[in-house]
Q: 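Below is the structure I would like to discuss, written out as structure tokens.
Per chain, numbering begins at 1; letters A, B, ... match sequence-line order.
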2 protein chains.
Amino acid sequence: MSKASSSVDRVYDRVRHMAANFEFKPDERINESALSTALGASRTPLREALNRLVAEGFLTFQNGRGFFCRSLSPEKIVDLYEARQAIECEALRRSVERASDDEIATVLAYLDDTEPHYNTSDSTVEVLEMDEDFHIRLAQLSKNSELVRLLRNINDRIRYVRLVDLKMILAKKQIARNKGAKLSAHRIILNALAARDEKAAVAAMRGHIERRREEATEAVRIAYSQLYVPAD
Amino acid sequence: MSKASSSVDRVYDRVRHMAANFEFKPDERINESALSTALGASRTPLREALNRLVAEGFLTFQNGRGFFCRSLSPEKIVDLYEARQAIECEALRRSVERASDDEIATVLAYLDDTEPHYNTSDSTVEVLEMDEDFHIRLAQLSKNSELVRLLRNINDRIRYVRLVDLKMILAKKQIARNKGAKLSAHRIILNALAARDEKAAVAAMRGHIERRREEATEAVRIAYSQLYVPAD
DNA sequence: GCATTTTATGCTGTATACAATTCTGTATGA
DNA sequence: TCATACAGAATTGTATACAGCATAAAATGC
């Protein structure tokens with residue numbers, strides 16, 4: 001049960017995390033020598049990791065100029081939200097066919113377990129983690145590993161903006177939060193799935209993501225200001 | 001207007017093409033030294049290219065054992081077809097909102113131009129190229145570059161099976177082919193888009209891809225036999 | 001003072017070397 | 001006959017060196 005992870009893997013994980021959280025500023029050039037020494041590896045494994053991240057959409061690459069952080073623009077983020085709608089709605093359609101009642105019940109149990117914490121936690125990171133986890137579990141019911149893979153990739157690429165968005169939401173609705181009075185969006189989707197009501201489930205999912213998509217432009221604006229203000 | 005492509009880029013293009021066409025057999029191990037000399041480059045740029053291809057889903061990687069061709073299974077291909085449905089249908093929905101009449105007319109003109117050749121060519125490679133090109137142009141109407149990017153990736157990963165499938169279809173319907181008598185599937189989709197009929201367009205697209213998805217298992221079987229029979 | 005050329009610095013792109021690991025084939029024993 | 005152990009070969013993983021390019025800085029001309 002050992003990990004036996006290579007240098008590339010360690011570097012990859014670390015740099016991916018940095019890129020996801022915009023520890024490189026948008027469009028910032030990445031200095032390979034500096035980063036490699038900072039990570040305690042040589043440039044060779046670092047560059048291999050960077051190449052993977054380019055293919056995943058976390059970084060860009062220009063010949064002769066090196067690697068750069070991806071840019072951060074409302075358009076790009078909206079594009080990703082739309083891709084997320086495509087993926088998650090498709091997964092849901094397949095889940096209606098393929099997920100057993102037991103499997104759906106397991107996800108429902110997960111929801112029951114986490115919802116109290118989800119509704120009271122002040123840590124946006126924790127809340128987002130739970131949210132992502134729910135969506136992944138739901139997508140896995142489709143039995144389509146490609147859709148799950150794509151969703152994971154998209155989630156990681158919009159995480160920073162989602163985090164900002166979530167902070168925004170919590171700041172606004174700090175007083176009145178879902179405490180079971182109203183059915184949560186997640187519960188509505190899952191209930192529709194359990195009832196094998198494809199249309200209702202997909203519509204709920206679409207709307208659920210759509211609401212965030214609409215906030216994307218604003219969230220990106222705030223994200224920028226947050227990125228370029230040194231003090232937190 | 002020079003290309004100024006680096007060694008990595010050249011190697012990347014070449015190996016990607018090889019992987020797409022299963023010039024490496026499914027699950028086959030890739031020998032880095034041999035391949036690098038064959039491509040006239042050293043192992044360093046080759047490995048960078050291989051890492052990109054892993055991230056894109058063309059290859060897999062096992063620590064300490066190296067790079068392998070992706071496996072070829074009906075399940076994987078079905079997964080990809082479903083992902084394609086997700087992407088293309090979403091793109092179509094957005095195109096209904098965003099594509100101008102002129103832009104749609106341009107794609108229609110492309111269809112008019114290519115359809116004669118499309119219906120008579122005996123080269124499955126050519127036919128598939130035209131088909132992919134049409135679908136990409138259509139997806140671009142969505143103005144969502146992420147969806148286009150994903151579609152390109154998926155298309156390249158299922159190309160080999162699609163090629164086999166197409167050969168199968170042409171062999172069967174060799175006599176009676178669409179010569180304008182019946183409206184082509186592409187034309188139906190495009191007309192619905194032009195009429196801003198989202199439901200009809202999406203339904204047509206879904207069905208269009210669904211038909212191929214249903215043939216996937218059979219096509220994979222034939223693909224296997226073709227891959228492991230030396231003579232063509 | 002501004003634009004332009006030249007020079008210098010730093011960084012990237014690739015090859016190569018070598019250590020570490022895995023694989024293959026053979027021999028040995030039950 | 002099968003399993004195991006071992007030795008040699010092959011292959012991968014990483015560091016390092018250096019050439020070539022791009023960028024920044026300095027110098028020159030107007």
Q: Please identify each residue that fulfils ring pair (Phe, Tyr, Trp, His ring centres under 6.0 Å) with B/Phe24, with sequence neighbours left out.
A: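 Partners of B/Phe24 under the ring pair (Phe, Tyr, Trp, His ring centres under 6.0 Å) test: none.
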Q: Between A/Ser121 and A/Tyr118, is there a donor-acceptor pair closer than 3.5 Å when you use the side chain of the first and the backbone of the second?
A: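 Judged by distance alone, no pair lies under 3.5 Å.
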Q: Whole angstrom is fine here: how far is it from CG in A/Leu39 over to P in D/dG13?
A: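 It works out to 19 Å between those atoms.
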Q: Applying side chain to side chain donor-acceptor pair (under 3.5 Å) between B/Gln85 and each of B/Glu210, B/Arg213, B/Arg212, report the one that passes.
A: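 Only one of B/Glu210, B/Arg213, B/Arg212 forms a side chain to side chain donor-acceptor pair (under 3.5 Å) with B/Gln85, namely B/Glu210.
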Q: Can A/Asp156 and A/Arg159 be counted as an ion pair, charged N to O under 4.0 angstrom?
A: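 Salt bridge flag = yes for A/Arg159 with A/Asp156.
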Q: So A/Phe61, base contact, sugar-phosphate only, or nothing? Heavy-atom distance under 4.0 Å.
A: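 Sugar-phosphate contact only.
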Q: Please list residues of residues 23-35 of chain B whose heavy atoms come under 4.0 Å from any atom in DNA chain C, ordered by number; otherwise none.
A: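 The stretch gives B/Arg29 as the residues lying under 4.0 Å from the strand, ordered by number.
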Q: Nearest whole angstrom, please: distance from the P of D/dT23 to the CG of A/Asn63.
A: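 Taking atom P of D/dT23 as the reference, CG of A/Asn63 is at 12 Å.
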Q: Specify the closest pair of heavy atoms between B/Met130 and B/Tyr110, including all atoms of both residues, with the distance to one decimal.
A: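 Closest pair (atom of B/Met130, atom of B/Tyr110, distance): O-OH, 3.7 Å.
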Q: Measure the acute angle between the ring planes of B/His208 and B/His135, then classify it against the limits of 30° and 60° as parallel, tilted or perpendicular.
A: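 Ring orientation of B/His208 relative to B/His135: parallel.
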Q: Taking the nucleotide of DNA chain C with the closest heavy atom to each, which residue, B/Arg65 or A/Gln62, is nearer the 5' end?
A: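 The residue whose closest nucleotide sits nearer the 5' end is A/Gln62.
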Q: Using a strict 4.0 Å threshold on nitrogen-to-oxygen distance, state whether A/Lys167 and A/Glu215 make a salt bridge.
A: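 Looking at A/Lys167 and A/Glu215, the cut-off is not met.
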Q: Going by an N to O cut-off under 4.0 Å, is there a salt bridge joining A/Arg149 and B/Asp79?
A: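 Looking at B/Asp79 together with A/Arg149, the answer is no, because their closest N to O distance does not fall below 4.0 Å.
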Q: Where along residues 42-51 of chain B does a heavy atom come under 4.0 Å from DNA chain D, residue by residue in number order?
A: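 B/Arg43, B/Arg47 - these, ordered by number, are the residues of the stretch whose heavy atoms sit under 4.0 Å from the strand.
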